[in-house]
Amino acid sequence: MESLKQIRKVAIVGYNRIPFARRNTAYVNASNQDMLLAALNGLIDRYHLHGQLLGEVAGGAVVKHSRESNLIRETVMNTLLDPATPGCDLQQACATGLESAIYIANKIALGQIDSGIAAGVDSSSNVPLSLSENLKQIFLAADRSKSFSGKLKQFLKIRLKDLQPEDARIDEPKTGLSMGGHTELTARYYKISREAQDAYVLDSHLKMHKAYERGFFSDMVTPYLGLERDNNLRSDSNLEKLARLKPAFDKDNGTLTAGNSSPLTDGAACVLLASEDWAKKQGLPVLAYITV
């Protein structure tokens, strides 16, 4: 019981994100690092963290290029923070940001650090492409060959079909289903009707539109690449339009459509966590606490 008295409260003291963009639109040429850098620098500007040495920045992306293996640390060194601020990559499908927040919060609670940033980023537009298996084996064999003739012999094995790249898969390996496919099963299990889904989605979009109109997101979103608002927001939708859309995943008996499903999206977000003492010294209000 004595050790529990040493656990510190973990405060949420800041947040920032860039607008979210539908796949292959505003951020089509932006990398994970580009988007994350914009979100982090927006946070740094908003809370006057320029040049500060924080305890750690943690976060990650689910779909990364091989050159992004040290994404967080490389991004941190390009921010306006002290470049000595440590960075750690984490990854968990659909929960990278949450896991990062827990990771930073645990370190603050244990007294290992006083402040930190948790972040998440993903690009569904700028995804890595893989070589076909046959082409990969040819390249590896050519690399192992010691002579020019040996390398040429391998390259002559290349056929046109070998040049077709393989896009990054978003299907779950065990089931072969996408998130939409799994959600179809969930909706069917809980008996959530098409009409209920459409009504819920419409209400969500209208509420988000009203929130933007009244300035709710003004202290949360840093404009990026010409976007000031999420461009996957559908403020002009209605139930009649939604009802006319065909199922997107289960073509015969499905209830999920392009209108009531979340689109593939690009974006980045981050949150500033700290001990109460650190927040007080920085003059930052405690917005909330992370609790067990």
Side-chain angles (χ1 to χ4, degrees), residues 18 21-41 56-79 81 83-97 99-100 103 119-182 224-225 248-249 251 263-268:
I18 58 174
R22 188 185 296 268
R23 183 186 187 186
N24 293 331
T25 58
Y27 303 160
V28 66
N29 294 316
S31 67
N32 285 323
Q33 186 172 138
D34 294 333
M35 293 188 293
L36 182 59
L37 181 62
L40 288 173
N41 275 337
E56 190 165 0
V57 177
V62 174
V63 181
K64 296 196 296 187
H65 291 264
S66 58
R67 61 178 179 273
E68 295 175 327
S69 60
N70 203 15
L71 174 64
I72 301 301
R73 177 65 183 135
E74 292 298 321
T75 305
V76 167
M77 288 193 292
N78 289 320
T79 67
L81 291 172
T85 300
C88 174
D89 274 51
L90 299 174
Q91 178 182 322
Q92 186 177 51
C94 295
T96 298
E99 284 299 319
S100 301
Y103 171 87
V121 60
D122 257 307
S123 171
S124 57
S125 300
N126 191 350
V127 296
L129 297 177
S130 300
L131 300 175
S132 66
E133 183 61 28
N134 193 48
L135 186 61
K136 183 179 73 173
Q137 293 301 327
I138 290 172
F139 282 158
L140 290 173
D143 185 62
R144 291 191 297 268
S145 181
K146 303 300 182 183
S147 66
F148 175 78
S149 61
K151 294 180 185 296
L152 181 60
K153 181 180 179 180
Q154 293 299 324
F155 291 142
L156 290 174
K157 295 179 181 180
I158 298 175
R159 299 294 179 263
L160 188 60
K161 65 179 182 179
D162 297 329
L163 302 179
Q164 176 67 37
E166 297 177 1
D167 201 350
R169 294 183 60 83
I170 59 173
D171 297 342
E172 204 282 323
K174 294 294 184 184
T175 64
L177 296 175
S178 66
M179 286 186 287
H182 285 105
Y224 183 57
L225 294 183
F249 302 99
K251 305 295 185 181
L264 290 171
T265 303
D266 305 332

Practice problem: Go through the steps for H182 and L177 under the test side chain to side chain contact (heavy atoms under 4.5 Å, CB included), then give the verdict. | Solution: CA-CA 6 Å; H182 285 105; L177 296 175; 3.5 Å; yes

Self-check item: Distance-only polar pair, side chains of S31 and D34, donor-acceptor under 3.5 Å
Solution: yes

Quiz item: Is it the case that H65 and N126 place a side-chain donor and acceptor less than 3.5 Å from each other?
Solution: yes

Practice problem: Taking all non-hydrogen atoms of both residues into account, name the closest pair between A93 and V62 and its distance. | Solution: CA-CG2, 3.8 Å

Quiz prompt | Nearest heavy-atom neighbours spanning S100 and A119 | solution = OG-O, 3.6 Å

Quiz item: NZ of K161 to CD1 of I158: how many Å apart, nearest 0.5 Å?
Solution: 13.5 Å

Practice problem: Can you sort out the partners of D89 under salt bridge (charged side-chain N to carboxylate O under 4.0 Å, His left out), two or more places apart, ordered by chain and number? | Solution: K64

Quiz prompt | Minimum heavy-atom distance M179-C94, with the two atoms named | solution = SD-SG, 3.7 Å

Quiz item: About how many Å separate CG of L37 and CG of L71, when rounded to the nearest 0.5 Å?
Solution: 10.5 Å

Quiz item: Between A21 and A26, what is the shortest heavy-atom contact and its length?
Solution: CB-CB, 4.3 Å

Self-check item: Heavy-atom check, side chain of T75 versus side chain of V57, under 4.5 Å
Solution: no

Quiz item: What pairs with S124 under side chain to side chain contact (heavy atoms under 4.5 Å, CB included), at least two apart in sequence or on another chain?
Solution: R23, L264, D266

Quiz item: Mind checking whether Q154 and K157 have side chains closer than 4.5 Å, heavy atoms only?
Solution: yes

Compile the donor-acceptor pairs under 3.5 Å between side chains in residues 135-144 and protein atoms, sequence neighbours left out, one pair per line.
| unit_1 | atom_1 | unit_2 | atom_2 | d |
| --- | --- | --- | --- | --- |
| K136 | NZ | E133 | OE1 | 3.3 |
| Q137 | NE2 | E133 | OE2 | 2.8 |

Self-check item: Partner set under side chain to side chain contact (heavy atoms under 4.5 Å, CB included) for S178, not counting sequence neighbours
Solution: D171, F249

Quiz item: Taking the side chain as C-beta and beyond, is there a heavy-atom pair between N78 and Q33 under 4.5 Å?
Solution: yes

Quiz prompt | Contacts of Y224 that satisfy ring pair (Phe, Tyr, Trp, His ring centres under 6.0 Å) - sequence neighbours left out | solution = Y27

Self-check item: Note, K153 side chain near S145 side chain (heavy atom, < 4.5 Å)
Solution: no

Exercise. Using modelled atom types only, decide if a donor and an acceptor are shared between the side chain of T265 and the backbone of P263 within a distance under 3.5 Å.
Key: yes

Exercise. Of all the heavy-atom pairs spanning G267 and M35, show the shortest one and how long it is.
Key: N-SD, 3.6 Å

Quiz item: Short question: side chain of N32, backbone of V63 - any donor-acceptor pair under 3.5 Å?
Solution: yes

Practice problem: List the atom of I18, the atom of A38, and the distance in Å for their closest heavy-atom pair. | Solution: CG2-CB, 3.8 Å

Self-check item: Listed partners of E99 passing salt bridge (charged side-chain N to carboxylate O under 4.0 Å, His left out), at least two apart
Solution: none

